[in-house]
Amino acid sequence: MITLDEFIIQRQRDFPFATGDLSGILRNISLAAKVVNREVNKAGLVEILGETEDENIHGEQVKKLDDYANRQFIDSLRISGLCCGIASEEEDDFLAFDEKPNLQANYVVTFDPLDGSSNIDVNVSIGTIFSIYRRVSPLGPCKEIDFLQCGTEQVASGYIIYGSSTMMVYTTRNGLNGFTLDPSIGEFCLSHPNIIMPKTGKYYSINQGYMANFKKGVREFVKYCQEKDEATKRPFGLRYIGSMVADIHRNLITGGIFIYPSLSNHPKGKLRLVYECNPMALIIEQAGGKATTGTMNILDLKPTELHERCPVFMGSTALVEKAEDFLVAYKGQ
Ligand code: P6P
């Protein structure tokens with residue numbers, strides 16, 4: 001059994017010039033994840049369910065557990081001394097850490113501390129999503145440009161899923177590996193080495209409640225999924241949890257496609273490029289899948305502002321390309 005810490009150290013040896021800073025950041029993320037996991041698992045028993053008085057920059061009611069998780073990841077990354085700043089879904093702007101070691105640190109981290117908030121109070125899987133970039137600004141306080149890099153510049157990305165078991169899945173651009181938390185020893189242990197996503201799948205994942213607001217190409221792809229799968233001649237199954245981490249995790253393991261497209265009333269869709277789409281796109285590509293906006297690879301998008309959104313088609317390559325074919329066939333409709 002290999003623990004996450006042992007794995008991180010082993011993999012660090014693959015990079016002779018590694019300073020250990022990236023390893024340290026990953027370890028601190030996993031530590032914060034264990035603390036959040038403890039609260040998520042007993043959420044029903046303590047006064048941490050429900051909403052705070054606050055609304056975030058997206059106009060969403062901030063759940064107590066959102067706020068708790070946000071503070072845990074911020075504090076853990078600040079204390080590491082290895083990260084010069086963060087951008088969080090729960091923060092209006094990026095946070096530059098001003099303690100001495102952090103000012104000299106070479107990395108920034110973006111995260112959605114607890115994605116899927118609407119599921120928290122009903123005990124459905126939720127998750128944390130993170131990205132790690134090398135800073136591009138000179139040493140000292142980090143700058144906004146550090147957080148607006150293309151997804152191709154990520155040195156690592158991952159997620160933690162707080163589900164039937166708690167897992168941390170991450171990549172440092174050298175394959176994708178999954179670790180399951182063993183509560184009896186308090187360690188994440190390697191359980192899913194070298195995750196490769198099936199080339200196709202039998203599930204599609206989209207909020208069909210918005211069908212009237214989808215472009216025609218998306219509606220036609222949904223109808224295709226409902227009618228037949230070329231390989232099995234059977235319809236696809238619809239699986240939609242409403243928690244991106246859980247929906248993406250299922251796709252990684254079973255194959256399938258996750259779609260959050262542009263809507264007539266939300267042309268860029270709902271999901272955020274910097275701390276949801278980019279980290280997941282790197283993960284999907286590292287597992288051999290495809291992640292596009294429907295017209296271009298998500299990782300090639302150049303963010304222009306921290307909380308911008310983008311449409312999402314990600315999952316098994318064959319299914320993403322089939323969806324893209326429908327978008328081309330009905331372009332402009
Ligand atoms: P909808 C959760 O709020 C989230 O940001 C993602 O985790 C999830 O995929 C999406 O929104 C669900 O959105 O509009 O279908 O409820």
Side-chain angles (χ1 to χ4, degrees), residues 33 36 40 43 49-52 54-67 69-70 73 87-91 110-131 157-163 167 169 203-215 218-219 221-222 225 238-252 256-281 283-284 289 291-294 298 306-315 320 323:
V36 170
V40 167
L49 283 178
E51 294 170 342
T52 64
D54 312 326
E55 234 182 48
N56 62 23
I57 193 171
H58 316 287
E60 296 160 345
Q61 199 64 38
V62 177
K63 301 270 189 178
K64 290 177 187 168
L65 216 41
D66 269 331
D67 196 30
N70 189 45
F73 284 99
S88 164
E89 190 215 26
E90 296 302 338
E91 299 293 329
T110 75
F111 55 82
D112 182 351
L114 212 55
D115 179 72
S117 303
S118 55
N119 291 308
I120 290 177
D121 295 358
V122 294
N123 208 13
V124 170
S125 299
I126 49 183
T128 299
I129 310 170
F130 66 88
S131 271
S157 77
Y159 60 81
I160 296 97
I161 179 168
Y162 310 97
M167 280 188 69
V169 176
Y203 295 126
Y204 72 105
S205 185
I206 189 170
N207 188 333
Q208 263 182 221
Y210 304 148
M211 196 75 155
N213 294 325
F214 294 156
K215 288 180 177 164
V218 176
R219 294 201 305 274
F221 176 69
V222 169
C225 291
L238 172 59
R239 291 285 186 279
Y240 191 74
I241 300 168
S243 186
M244 186 186 194
V245 173
D247 282 316
I248 295 294
H249 186 69
R250 183 195 55 254
N251 276 345
L252 274 176
I257 183 170
F258 171 79
I259 301 174
Y260 205 111
S262 65
L263 306 174
S264 49
N265 52 345
H266 294 291
K268 287 209 163 184
K270 172 182 183 181
L271 300 178
R272 286 76 172 194
L273 172 58
V274 170
Y275 38 76
E276 289 171 326
C277 306
N278 267 335
M280 287 305 197
I283 284 166
I284 292 281
T292 79
T293 62
I298 286 172
L306 218 41
H307 298 290
E308 76 181 73
R309 304 166 192 260
C310 75
V312 169
F313 295 74
M314 45 172 80
V320 173

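None of these values were measured; they are calculated from a predicted model. First listed ligand is number 1; within each ligand, the first listed atom is number 1. Along the sequence shown, residues are numbered consecutively beginning with 1.
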For ligand 1, what are the residues with a heavy-atom contact below 4.0 Å?
-> Asp115, Gly116, Asn207, Tyr210, Tyr240, Gly242, Ser243, Met244, Phe258, Tyr260, Lys270, Leu271, Glu276
Any side-chain donor near an acceptor of the partner, Asn70 and Ser88, under 3.5 Å = yes
Does a side-chain heavy-atom distance below 4.5 Å link Ile161 with Val169?
-> no
Got Tyr275 and Asp115 here, is their nearest side-chain heavy-atom distance under 4.5 Å?
-> no
Partners meeting salt bridge (Lys or Arg N to Asp or Glu O under 4.0 Å) with Asp247 (sequence neighbours left out) | Arg250
Which atoms form the tightest heavy-atom contact between Leu271 and Cys277, and what is the distance?
-> CB-SG, 3.7 Å
Indicate yes or no: at least one non-hydrogen side-chain atom of Ile206 is less than 4.5 angstrom from one of Val218.
-> yes
